Each structure stands twice: as structure tokens, then as C-alpha cells.
Amino acid sequence: AFRKWTQGLSTSISIGGDLKQDADVVFANVQTAAARLEHLDRYDLIAIDESHHASETNGKGGNDYSRVIEHLKALNPSARVLAATATPNR
């Protein structure tokens, strides 16, 4: 279904520590993105699944979700964030 919406755009998937950003649309798990913050490119749209985790803390001043969002927003303050969750209550 996603391919219907992205006709003409290239995609890449970054999981397991391998950060691939050589496409128009980049998918990455939050752990890979957080571990490679200094290597993340500037993006105009940041889509976060399981976004309810962004409000959780780990006792160290945040978590991977919030660190990635904050870093990407620092690279591009006008970037839009699309936050999705199927967990309305935590």
C-alpha cells in the first residue's frame, strides 16, 4: 500500500544499526536512529510510530524517541512531526 503513495520516490530501510539515508523516504527504527544521531540527515517530515513512548522517561532526561525528535528538529526547526499511536492511554 505504501508504494501507491510514494510513486516515483526511492525508499530505504535502516534497522539493526545500519543507517541508510540514500533515498527520498527513509525508514529507521528508533534505536538505530538514536545510536547514530550525529549521522542523521536533515528531514522535512519526521513520522514517528508508537509515539506514546516519546513522553516516557528513562531516568536520564529522556528516551530514544524524544532524543531523535529533538535532534532532528534542531537540524531543521521547520520540520513537521507526524506522531502516530494505537495506544491512547498509558
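Remember, it's a predicted structure, so these values are computed and weren't measured experimentally.
Atom CG of L75 and atom CD1 of I46 lie 8.5 Å apart (nearest 0.5 Å). Atom CD of residue Q31 and atom CZ of residue R36 lie 12.0 Å apart, to the nearest 0.5 angstrom. If you take CG on D18 and OG1 on T32, they are separated by 8.0 Å, rounding to the nearest 0.5 Å.
Cluster membership check: F27 does not share its hydrophobic cluster with L37, using side-chain heavy-atom separations under 4.5 Å among Ile, Leu, Val, Met, Phe, Trp and Tyr. The cluster map of Ile, Leu, Val, Met, Phe, Trp and Tyr, joined by side-chain heavy atoms under 4.5 Å apart, puts I15 and L40 in different clusters.
Between the side chain of D22 and the main chain of S12, no donor-acceptor pair closer than 3.5 Å is present. N76 contributes a side-chain N or O that, together with a main-chain N or O of Y43, makes up a donor-acceptor pair within less than 3.5 Å. Side-chain N or O atoms of E50 include none that pairs as donor or acceptor with a backbone N or O of Y65 at under 3.5 Å.
Taking a 6.0 Å sphere around CG of L45, one finds it holds more than 12 heavy atoms contributed by other residues, nucleotides or ligands. Around the CG atom of L9, the shell of radius 6.0 Å holds more than 12 heavy atoms that belong to other residues, nucleotides or ligands.
Shortest non-hydrogen contact noted between H39 and L19 is CB-CD2, 3.9 Å. Scanning both residues, V26 and Q21, for their nearest heavy atoms gives CG2-CA, 3.8 Å. Taking every heavy atom of both residues into account, L72 and D41 meet most closely at CD2-O, 3.5 Å. The two residues S14 and K20 come nearest to each other via the heavy atoms OG-N, 2.6 Å. Pairing each heavy atom of P77 with each of A74, the nearest pair is CD-O, 4.1 Å.
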